[in-house]
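Reminder, nothing fancy here: chain letters follow the sequence lines and each chain counts from 1.
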Number of protein chains: 6
Amino acid sequence: MTATAGLELQPFLVERAVAAALAEDLGQAGDITTDPIVAAEARGAADIVARQTGVIAGLDLAAASFKALDGKAAFTRYVADGAKVEPGTAVARAEGKTRALLSAERVALNFLGHLSGIASLTARYVAAVKGTKARIACTRKTTPGLRAFEKYAVRAGGGVNHRFGLYDAVLVKDNHIAAAGGLAEAVTRVRTRAGHLVKVEVEVDSLAQLEEALRFPIDAVLLDNMDPATLRQAVALVDGRVPTEASGGVNLDTVGEIAASGVDLISVGALTHSAPCLDLGLDWRSPGSRSG
Amino acid sequence: MTATAGLELQPFLVERAVAAALAEDLGQAGDITTDPIVAAEARGAADIVARQTGVIAGLDLAAASFKALDGKAAFTRYVADGAKVEPGTAVARAEGKTRALLSAERVALNFLGHLSGIASLTARYVAAVKGTKARIACTRKTTPGLRAFEKYAVRAGGGVNHRFGLYDAVLVKDNHIAAAGGLAEAVTRVRTRAGHLVKVEVEVDSLAQLEEALRFPIDAVLLDNMDPATLRQAVALVDGRVPTEASGGVNLDTVGEIAASGVDLISVGALTHSAPCLDLGLDWRSPGSRSG
Amino acid sequence: MTATAGLELQPFLVERAVAAALAEDLGQAGDITTDPIVAAEARGAADIVARQTGVIAGLDLAAASFKALDGKAAFTRYVADGAKVEPGTAVARAEGKTRALLSAERVALNFLGHLSGIASLTARYVAAVKGTKARIACTRKTTPGLRAFEKYAVRAGGGVNHRFGLYDAVLVKDNHIAAAGGLAEAVTRVRTRAGHLVKVEVEVDSLAQLEEALRFPIDAVLLDNMDPATLRQAVALVDGRVPTEASGGVNLDTVGEIAASGVDLISVGALTHSAPCLDLGLDWRSPGSRSG
Amino acid sequence: MTATAGLELQPFLVERAVAAALAEDLGQAGDITTDPIVAAEARGAADIVARQTGVIAGLDLAAASFKALDGKAAFTRYVADGAKVEPGTAVARAEGKTRALLSAERVALNFLGHLSGIASLTARYVAAVKGTKARIACTRKTTPGLRAFEKYAVRAGGGVNHRFGLYDAVLVKDNHIAAAGGLAEAVTRVRTRAGHLVKVEVEVDSLAQLEEALRFPIDAVLLDNMDPATLRQAVALVDGRVPTEASGGVNLDTVGEIAASGVDLISVGALTHSAPCLDLGLDWRSPGSRSG
Amino acid sequence: MTATAGLELQPFLVERAVAAALAEDLGQAGDITTDPIVAAEARGAADIVARQTGVIAGLDLAAASFKALDGKAAFTRYVADGAKVEPGTAVARAEGKTRALLSAERVALNFLGHLSGIASLTARYVAAVKGTKARIACTRKTTPGLRAFEKYAVRAGGGVNHRFGLYDAVLVKDNHIAAAGGLAEAVTRVRTRAGHLVKVEVEVDSLAQLEEALRFPIDAVLLDNMDPATLRQAVALVDGRVPTEASGGVNLDTVGEIAASGVDLISVGALTHSAPCLDLGLDWRSPGSRSG
Amino acid sequence: MTATAGLELQPFLVERAVAAALAEDLGQAGDITTDPIVAAEARGAADIVARQTGVIAGLDLAAASFKALDGKAAFTRYVADGAKVEPGTAVARAEGKTRALLSAERVALNFLGHLSGIASLTARYVAAVKGTKARIACTRKTTPGLRAFEKYAVRAGGGVNHRFGLYDAVLVKDNHIAAAGGLAEAVTRVRTRAGHLVKVEVEVDSLAQLEEALRFPIDAVLLDNMDPATLRQAVALVDGRVPTEASGGVNLDTVGEIAASGVDLISVGALTHSAPCLDLGLDWRSPGSRSG
């Protein structure tokens, strides 16, 4: 069992996303630059090379992009998802029909750059809390249509996943409590309806609310927008009964101090909604030669 | 004809994207927090409020998100796409079934935040080249599945669109020229095959290459990775015969000097691949009251 | 908040399933019996009437079937999902274009009969364990393509839902333990990878295994194929630390004794894979008159 | 030409249904139990074994389920669709990646158990009319989305198919006759519109109606809810001019007497709407060893 | 019951085809001519006017095209499908947002012109056999993706439909007979497998083959590529036992003589694979004024 | 680089269209003639043979049709798309399972005949303008759903493609000019909004309008419905500044004279909306023997 065990993307999600992205880029007329210029039988090889320090995620999507246009294309991984790269690191090689490589290049890099950007930012947050018990978690603030991939990229960067959607765990927020007429009523209602394998987390924004929440059978508590001192008090108050999650006002400058409060999890929307693309390029090679 | 004329998103693209995003978030079990807590008949109102300075884009997608879950929900726009907002600016109000508002909130904000982030970053680039003739253009470095929306957001931010895909214009790059065995051969081949309404742009990275390119019937020239001094020479060399586009090494620090070279367009991948989300929140109101 | 709160089906799942079912029944030529016989402008009304004792589930799907073929059709519910009916009970009335009613009738009844069959069987199991603390749960042994609806029908019948799929909770079975080389290793691996809102249930088939399982941080235990005496011992051994679930060899004759063992849940595959259809018919009425 | 000739399922219907079922079970996160526990490279073998007497149908769907998750998985059939099995009969073996086998197991068995249940029930009806000329036919009372497979399972069990939908044959029922203002008018209208390869069956519920129907050029007659004595009279009255079909009140106790009336067909909704699942399990083996 | 009763197209087939056609024409950027030029609020009206003599078919598709882009557009039919038009006849009026009318115009006319072309050619064949008993039938030689609409257009032109596909009737051709090793074996095999509502037609190309075919229980006979004299003999030989269909070598010059042979049906592939488009144009009007 | 370079169809468009066409023809029951008659293991070979003079287009679609039903079927091309054929020319051979060949035959020929019909008609127009500089172009008057294929067929016949849709080039027509309140305003509006790689063509119907149009920065001019004498004057007036396109009243009798006027392009709607199917048949062979 290697370090990346359990990181796998489902192949049919990959294929469907790649097919949609290629259709988006090729339209009906196809690649009207490449097709008339490059002979159908021409073959080539190109390396995906990092231009920036970061963490790779999404090689399955890059591989599938090239293979979708040339079923016999070879895609050789020099590193695995989750690997750290430096400027100049060769990440993978694609070999096959030159037309397919040229036409699929942008889609492959768009996926790989986007997801590696998320993995890289996650890794920076993870590094910033090193030495504490806090794990870095993503949120539901993902790019529409790409959630499964983005949550995978967070894992590749060393983070952990929060719930995948509204359907797989309960998170009771302030508006739910207001709508129910109180925390007790809200928690009772979801506990009554939820299956026995569904966890219930409650969001609180004060120590008083936290005390109230802990009177009910909840599985986790989200400490929203508390300053580090209050977080420390909250952690003490919880005293290990349920996992504690901090959220709000988290950035690379503040995350260390938040982690030092002793919380179990820190959830960061920016991981998936604001990670800049990792700069990756495609360098064309003579087939067979490996770039430095 | 207002300033935003021609900015429209195609309704069926909007509906399809919103349906996919809601399905991604709701899964099969649906919103297992909201459904048991909130009464089916409860109604509410909430304002989308900016927490940050920026430019709004994607209100159609936010509106469609709420309406997809409550066909009779009202969505009132306080501003239009393309409007500049400050922290506290109320952007729009959604009114309808409380369940629908709560369940659609994240999808609506994910779309709106992502696209407004792109519009906002575009607007910063546009401001940075004010006083020059340069227009800011996006690229094909978009998030897979969202290209039409992201290109729209660029327009909302004051930018212009490059080609939409591989299918609607020709862009001859270095690898095409290498594959064809020379610029002359490459341009000839695409000209022979391309319809009379297809434009041909050629990428060059030196003044020598530029001179060669200008001997052929091309419609635009992409000056790749040239420093401002070289760009100025290139612009002089082109002398208005075709539009000039600069790319490579563009950021908010450099774009002003690049624009000062006299190029017609500056294309910026970061607009769509690295724009941070614009911070927007949903503030619940008593129905009828308008936030500040 | 009524007894059926939180029972709602997601409208877009309903619409998609109904559209697929109608396409399956109408093909390309459509209803070649009704179209030539019935005038386009003819209108009618018909009552869905129970021919058997049972519990209703799936009225949303029946309503959507008629409305898909006549957007202005009226669908009046005499009872709600979860209601008990007797032979002769009028369940709902559909009024609209006669062609639409005739062409959609079979699809509407196929959905309603299938789901009401599941609700009715569930209700019989629930009745059989009355007076015990045991709740009746469904499994993943559902009809392909209909899981969300069948799990809803189980709720309508008074049962509770187990996990919805492989994605929303962990259930470690014998083969997983064998593959991991032991229960400790299996639980450790899933705990390391699983998000903090994911519950872990472990299947055991002996008291020895149960004792081992309880040494680990698990959230529920599945007691597989134990006789009532062993179940009782298992419940005593667990002593309320985690919920206990019994499965295997459950039928209407045995379920009472199983429940008497004190387990929290009894999961029954037959609820969804072997429930006979509830017999429902469509009785045509003069518009406006209500059947007994 | 073997006994099962002409029983084939269309491969693209199989692939589409399996993909949808796997997506339903795997969601976006995938198999969160198996992926972290089982090594990606682990391989295994398992036999599908009958736990109950019955008739097998749907092996194509089971095979496709495993192959969808492991393209190189082997699926060896020990018996063919239509074969009778006893408790302990090994039906087929799946060999491949252990992860794929574990993750696809439930979908494979859900298809196979459901369709084998239908085939098994059909076979019991067929056995119950042995020695008569009556054939057992299914109806349009099928599970939405699975009609093509369920009709195939009926054939595997020795039954015959009625029309596949509203589009491929005419069946004039009482409400059609009422809407048209009489049997003569109804039959005339459909005859005028129907192509020359479309058959017309008319439903009658009395001998008087039967006599009227036989005056028109119809291709079959459905004798609805007649007792055996009346059926015998009806068969005599028809005297071989058109095929006779009995429906209504058919169960395993009554079908023999109904068949003895001399009707050509007996249609049974229960075959597809109320067949209990055939109990089948997956027994894990050391690769290469065959279960008894 | 009017002359066009039973001609209806299924609304969901219409909507799906129109959505696909609009997506094909609008792509991702949309109508880049109309959107910047025409104000969003502008409204207009335009008449669809025939420029040629013919028969109209497909108004549902034209209406749906405009309504897909403007949900409140009005579409007023001056004539119904099946109506004969002359140059200048106003067929229908579309009123609504000018942008929607301009953007949907081509799709609406492409559908209407194509289907009206088929109806018009069908009507010419029908006219050419007037006075005989022969009806004009279409074949499976249709444009991929449009079969349901093209078969509808044939009906609008006064023709009748042959089978809709391989699935709804049996047509035994020479290659089937060769594969089975003889006509007897072929017919026996299909009769054994086919449901009781499936008709069996056999293709013969000589009188000897016809005599053989008539020994079996077949429902129709296809007389392929026979000259009129042979057809007459064939009709005499059949003597009303089954419908006779002539095919092969049929055109507007020969169809009259073929019909005079006394056959019941003449099938013409050209109706659907070679009908020229009916010339229709969109004439813009001041709203409210009706063209000639 | 051969004569047909750049003619390629995108494989995923081909696969999707073929899958849809086969689903349309096979429905749910499949080929109810072939399946019971032909043994599953039978193999055969058949040649596609031209029965008429013409130009071939669409072999990829024919090949994909057979391969979709028999993944191991061989498809050998005797000629390439764009080749001229005479009656009796063998075009291609399909070898594989006899069932697959029989069931896919009609779909394969429907695609190939339709597209070859378009290529053949295009070739006749191209031949009719030989010796002039005029190229023959298609329009957006295509069959809904088949545009990419039909535009490909036009290229195979020697023609060129106009824009693919409303999205990839601007064509300002009379109604746009009217809506904008003048040609100047219309052109200004689209120029402001259009990207730098979008061409703008303006339609004019008089020399006066042409003179006005030429005052603006347009890329091409469409001379609509002008007689040859006027066309000549228009060409002189344009004097090579932009490409000239003639449309309206074009047929095989008039196209030569129109071309003689000196226009660069002649667009012909009939190429795609009114081309008769090319007559092609499937001749069954003993495997291995090649037809003359």
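- Among residues two or more places apart in sequence or in another chain, the ring pair (Phe, Tyr, Trp, His ring centres under 6.0 Å) test is passed with D:Phe66 by none.
- Other residues, nucleotides and ligands place no more than 12 heavy atoms under 6.0 Å from the CZ atom of D:Arg124.
- Side chain of A:Gln10 to main chain of D:Gly27: a donor-acceptor pair is present (N/O by atom type, distance under 3.5 Å, no hydrogens or angles).
- Every ring pair (Phe, Tyr, Trp, His ring centres under 6.0 Å) that D:Tyr167 has, sequence neighbours left out, goes to E:Tyr167.
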Hey, mind stepping through D:Gln28 and A:Lys151 against side chain to side chain contact (heavy atoms under 4.5 Å, CB included) and telling me if it holds?
CA-CA 10 Å; D:Gln28 293 193 46; A:Lys151 291 203 165 258; over 6 Å; no

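- Below 4.5 Å, heavy atoms of chain D meet no heavy atom from residues 114-123 of chain A.
- Interatomic distance, A:Phe12 CZ to D:Leu26 CG, rounded to the nearest 0.5 Å: 5.0 Å.
- Residue A:Lys199 places its NZ atom among more than 12 non-hydrogen atoms of other residues, nucleotides or ligands, all under 6.0 Å distant.
- Neither the backbone nor the side chain of D:Ala19 comes within contact range of chain A; no heavy atom of the residue lies under 4.5 Å from a heavy atom of that chain.
- We find the CG-CD1 distance between A:Asp168 and D:Ile32 to be 8.0 Å, quoted to the nearest 0.5 Å.
- A:His273 meets the ring pair (Phe, Tyr, Trp, His ring centres under 6.0 Å) test with no other residue; sequence neighbours excluded.
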